[in-house]
Amino acid sequence: MELPAKYNPAETEDKWYAYWLENKFFHSEPDSREPYTIVIPPPNVTGILHMGHVLNNTLNDVLVRKARMDGKNACWVPGTDHASIATESKVVAKLKAEGISKEDLTREEFLRHAWEWKEKHGGIILSQLRKLGASCDWDRTKFTMDPDLSEAVINTFVYFYNKGYIYRGVRMVNWDPVGLTAVSDEEVIHRDTTSKFYHLRYYISDGQGNPTDKYLIIATTRPETIMADAAICINPADERYHWLRGKKVLIPLINKEIPVIEDSYVEMEFGTGCLKVTPAHDVNDYEIGIRHNLPVLDIIDDHGCLNEKAQILVGEDRFDARRKIEDMLREAGNLEKVEAYTSPVGYSERTNAVIEPRLSMQWFLKMDALAKDALESVESGKVKLIPDKYRNTYRHWMENVRDWCISRQLWWGQQIPAYYLPDGQVVVAQTPEKALELAREIMPGAVAEDLRQDEDVLDTWFSSWLWPISVFDTNKAGHPDAVPNSDLAYYYPTNDLVTGPDILFFWVARMIMAGNEFMNDVPFRNVYLTGIVRDKLGRKMSKTLGNSPDPLDLIEKYGADAVRLGMLLCSSAGSDILYDESQIEQGRNFCNKIWNAYRLVTGWNVDVNVQQPDASAVAVDWFRAKLSQAICTVEDHFSKFRISDALMTIYKLFWDDFCAWYLEAVKPAFGAGIDKETYNATIGFFDALLKMIHPVMPFITEELWQNMAVRSEGETIMNQRYPAAGEYRAELISDFAMACEAVAGVRNIRQQKNISPKEQLELRIKGEFPSGVLPVVVKLANISSVGQAEGDMSAAQRFMVSTAELFVPLDGLVDLGEELRKLEADLDYYRNFLASVRRKLSNERFTANAPEAVVAVERKKESDSLAKIESIENAINSLKNSK
RNA sequence: GGGAGCAUAGCUCAGUUGGUUCAGAGCGUCUGCCUUACAAGCAGAGGGUCGGGGGUUCGACUCCCUCUGCUCCCACCA
């Protein structure tokens, strides 16, 4: 069989993915095996794959594939999230481009467009995940707005409402004037923003609504809201302003009279010490307003424009109004000064619009009890966060969480199952029919037409927090007393959750709450928090910067295995990933290395007449030990979620140990056959190595594993058992390491003296050197004869391996002066080293306090360096004598 | 403003109870090689006062304090 010199991923990947699907290798059903479960962090249904997904899903896939090979019943549930704000705004934008305005549509018409959009673009991302090799159980694919999942969401709402956890009220909320909806506190991002600090004169009223010549100065960043001012507030302890007590002042431009009030909230040192109180448009002012019973005047509409209550600048956008009112105030003589100012401003996570604090009627879920349990789940270790530095962050959040605003003024999502009676009373029920029954208890004779359902939908996270439950059993969410179905009973709790720290609170914490509430158990045992993928310069990947490569292009160019390896190479848990295409090149190179090692091995011809050479026998024993050692290390890394360390161990095992040393040691001469024993061992090693690599690089390993032997239909490397470590002698490994050092020493001499690798050299040894590994040295260093060093070795190049001296006789090629200089430098080093070791040993406090083992090590250092010094001195003497 | 974290080779990072010659890895760099698996490769080499300062200890990359620089999270000083 002829294999090309380079691995071609494109040809093999689709073939094997199709094979895996045909054979339903990814599908899982409950059985007697131990389950291993992961639910995918559901990507936005209309999203497309980006580098963050690649990292996340590669990690998920590695864990699932490893668990599967460990003999567990592995199940990775895929699906998508309806992402109400993101999707709705995409649909709105698309309609707008077609000249259709959302306002002109009925709810039903709009939803029809939205579903159309979802059918067209939904799930693209799932097919992209297939390209990456994700071994999801596609038969279990879910969508957060599937009818039964939506039903679970509604049941959950009804459940918490009846429990008294859900209430409705007018609160100051974060209003997104672009998304036209309220958003939760967690969806607001504060960024320092440069703006202006306007110092405004408010003239004191004479009591008749006319200005006197006295005035006070307030400082504000939002002059466009002055028309909504309800008072001016000073600190009662601020003597500068006691003269203002009981006075009234006039709002500039509109001459409205407002009182001066006192509240200790006001910082005397900040600004001018006078605060304008605008209850409708600032959270703190709202609180002050409640304390002082101030009227609330809302002058900004849904779109962030001034409404008619503002009296002036009606219809202007709030930022245009700010610019215009500055001029107006200046003209009117009310503008004292304007300073540059930087302050944190809230932006909408989804639309990047500046959040407008706004009063509105919203639904809330009480968080205190839920948060308390969810905190306990992490504090007690029932849920482990990896890395655990996130425990602090988590605790802080859970201890300071505020009630969750769960209503959104959108159409795309689960509509809140609250129904209003004509008199404004509300009933909450799963269906309109049930709602009507409840309504009749309040209003006998009510008919369906009397009920009006709440217009709002629920926050997306109000559905995704049920995900680990609802993907298995849609009845259990909302019904803590229900008996879980067989899937849920088997797969829940899931094992690991891999996700980004940015949704630790949005999603992870809330899933823990829902799990505790409905399952009385946490939804997962380990939460592996990845870093954020950044570019080489540390910048976040973003469309506007154009620094985000398309993963599909990368897969096409380098292969999925290369992309997977490239991502994992640089990913340790919790720290950000600085992506660079060179890492993916490295992945591709590794594929090629595996490919060519395979070509070499399978190109060998077994000759039954050939005896196993000593070098091969040693190498086989050694590599068997090395393999076991590496498996132990890899298992340890996996158990601690050190995925990139596990990967690097495997990478070096294959490249350095297997290819650079083992294969070179057993490689038959050109054209010669190989003995059966070595060949079989080599094939066995290769088989084990492929299995070890498979979770990370599924495609190439399947390709080669299938190629290695005749496989029957339905066989796959992905269902093979992961190699297990055997007993091994550590001495074998250290002896072989000495052989490698000896080989490197000889090669180094060749390099220095410009001696071709083809030219044979002699080797002489003085001191202890494991004789068992000498055949390997002879072969790899191309040695003609090896023996004890005897007599004058001054005409030889000398180097040391551990405490042994090795000589390569080189008549006429040795520069005695140069050798002498090197030896004297060595001598100097070891004498200093010895001196420091002896200083330590002569310190009684050291010998008295340090553990025996540590002292013994120091003594060994002492005797070793003494031996080295002696041999160096001898070498110097003999060199000098021969001169 | 509060909290957390980071600082180790040119770059990205390991360093898991303070003690094996512990100062490491990968990549990059430099030198020599188209050696019959692989130039996407082979062989070799160089490279760091472990951010600065102080302390504890027989012993500190590791523990404590402090300074400097960066990052993230939380937060209603207009």
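Below, read A as the first sequence line, B as the second, and so on, with proteins coming before strands; counting in each chain starts at 1.
Checking A:Y651 against A:H637, the closest nucleotide of RNA chain B that is more toward the 5' end is the one next to A:H637. Nearer the 5' end of RNA chain B, as judged by each residue's closest nucleotide, is the contact made by A:L569, out of A:L569 and A:K667.
As judged by a 4.0 angstrom heavy-atom cut-off over every strand, A:R588 is placed among the base-contacting residues. Residue contacts shown for A:C591 are absent, as no nucleic acid heavy atom lies under 4.0 Å away. A:V857 comes within 4.0 angstrom of sugar-phosphate atoms only, judged by non-hydrogen atoms across all strands, and of no base. As judged by a 4.0 angstrom heavy-atom cut-off over every strand, A:V601 is placed among residues making no nucleic acid contact. Counting any heavy atom pair closer than 4.0 Å across all strands shown, A:R391 reaches no nucleic acid atom. Using a 4.0 Å heavy-atom criterion, one finds that A:S756 contacts no nucleic acid atom at all. Using a 4.0 Å heavy-atom criterion, one finds that A:P851 contacts the bases of the nucleic acid, with or without backbone contacts as well. The residue A:K640 sits close to a base: some heavy atom pair falls under 4.0 Å. Base engagement by A:N592 is indicated by at least one non-hydrogen atom pair under 4.0 Å involving a base atom. Within 4.0 Å of A:A856, counting heavy atoms only, lies no atom of the nucleic acid at all. Looking at heavy-atom distances under 4.0 Å, A:K276 makes no contact with the nucleic acid at all. Contact annotation for A:N849: base contact, defined as any heavy-atom pair under 4.0 Å involving a base atom. Heavy atoms of A:W604 sit nowhere under 4.0 angstrom from any nucleic acid atom. Within 4.0 Å (heavy atoms only), A:Y265 reaches at least one base atom of the nucleic acid.
Rounded to whole Å, the separation between the C1' atoms of B:A25 and B:G47 comes to 14 Å. One P atom belongs to B:C63, the other to B:C50, and the distance between them is 15 Å to the nearest Å. On the P atoms, B:C76 is 16 Å away from B:G1, given to the nearest whole Å. Nucleotides B:U56 and B:U66 place their C1' atoms 15 Å apart, quoted to the nearest Å. Taking atom C1' in both B:C70 and B:G51, the straight-line distance is 11 Å, to the nearest Å. The C1' atoms of B:C73 and B:A78 are separated by 24 Å, rounded to the nearest whole Å. A distance of about 23 Å separates the P atoms of B:U17 and B:C13, rounded to the whole Å.
Residue A:R642 places at least one side-chain N or O under 4.0 Å from the OP1 or OP2 atom of B:G15. An OP1 or OP2 oxygen of B:A43 is reached within less than 4.0 angstrom by no side-chain nitrogen or oxygen of A:W661. Contact check, A:R747 against B:C33: no side-chain N or O comes under 4.0 Å of OP1 or OP2. Under 4.0 angstrom from either OP1 or OP2 of B:A37 there lies no side-chain N or O belonging to A:R599. Between A:Y341 and B:A78 there is a side-chain N or O to OP1 or OP2 distance below 4.0 Å. Proximity of A:K593 to the phosphate of B:C42: a side-chain N or O atom is located under 4.0 Å from OP1 or OP2.
Going from atom CZ of A:R318 over to atom CZ of A:R222 covers 6.5 Å, rounded to the nearest 0.5 Å. Note that the NE2 atom of A:H396 and the CG atom of A:N392 stand 10.5 Å from one another [nearest 0.5 Å]. Taking CE of A:M172 as the start and CG of A:N284 as the end, the distance is 9.0 Å to the nearest 0.5 Å. Note that CG of A:L216 and OG1 of A:T272 are 7.5 Å apart. Values are rounded to the nearest 0.5 Å. In this structure, the separation between NZ on A:K822 and CG on A:D826 is 8.5 Å, given to the nearest 0.5 Å.
Pairing for B:A78 is absent, with no Watson-Crick or G-U wobble pair whose two atom distances lie under 3.5 Å. Under the Watson-Crick or G-U wobble criterion, with both distances below 3.5 Å, B:G48 has no partner in any strand shown. Figure legend. B:U57 is base-paired to no nucleotide; pairs are counted as Watson-Crick or G-U wobble with both atom distances under 3.5 Å. Remark: B:A7 base-pairs with B:U68; criterion is Watson-Crick or G-U wobble with both hydrogen-bond distances under 3.5 Å. With a 3.5 Å ceiling on both atom-pair distances, the Watson-Crick or G-U wobble partner of B:A43 is B:U31.
Of the candidate nucleotides B:A75, B:C38, B:G44, B:A75 has the atom nearest to the side chain of A:H190. Nearest nucleotide to the A:P344 side chain, out of B:G26, B:A40, B:A78: B:A78. The side chain of A:D656 has B:G26 as its nearest neighbour among B:U36, B:U16, B:G26. Taking only side-chain atoms of A:T220, from C-beta outward, the nucleotide of B:U12, B:U36, B:A78 with the closest atom is B:A78. Of all nucleotides listed (B:A78, B:A37, B:A40), B:A37 comes nearest to the side chain of A:E664. The side chain of A:A660 approaches B:A43 more closely than any other nucleotide in the set B:A78, B:A43, B:A37. Here B:A14 is the nucleotide among B:A14, B:A78, B:U12 with the atom lying nearest to any side-chain atom of A:D645. Across B:A40, B:A78, B:G32, the shortest atom-to-atom separation from the side chain of A:Q751 is found for B:G32.
Between the CG atom of A:L647 and the P atom of B:C27 there is a distance of 12 Å, rounded to whole Å. If you take CE of A:M567 and C1' of B:U12, they are 13 Å apart, rounded to a whole angstrom. A straight line from NZ of A:K753 to P of B:A45 spans 15 Å, rounded to a whole angstrom. The separation between A:Q760 atom CD and B:U35 atom P is 19 Å, rounded to whole Å. Atom P of nucleotide B:A4 and atom CZ of A:R395 are separated by 10 Å, given to the nearest angstrom. B:A75 atom C1' lies 12 Å from atom CG of A:D192, rounded to whole Å. Whole-Å rounding puts the A:Y390 OH to B:C72 C1' distance at 8 Å.
No side-chain donor-acceptor contact under 3.5 Å links A:N235 to the backbone of A:E267. Side chain of A:K196 to main chain of A:E339: no donor-acceptor pair is present (N/O by atom type, distance under 3.5 Å, no hydrogens or angles). Judged purely by atom type and a 3.5 angstrom limit, A:R747 has no side-chain atom pairing as donor or acceptor with the backbone of A:A742. Between the side chain of A:D282 and the backbone N or O of A:D285 there is at least one donor-acceptor pair closer than 3.5 Å. Between the side chain of A:K276 and the backbone N or O of A:A219 there is no donor-acceptor pair closer than 3.5 Å.
Between the side chain of A:N843 and the base of B:C58 there is no donor-acceptor pair of N/O atoms closer than 3.5 Å. Between the base of B:U12 and the side chain of A:Q583 there is no donor-acceptor pair shorter than 3.5 Å. Interface remark: the A:Q752 side chain does not form any donor-acceptor pair with the B:A45 base, using a distance-only criterion of under 3.5 Å. Judged by distance alone, with hydrogens and angles left aside, A:R845 brings no side-chain donor or acceptor close enough to the base of B:U57 to form a pair under 3.5 Å.
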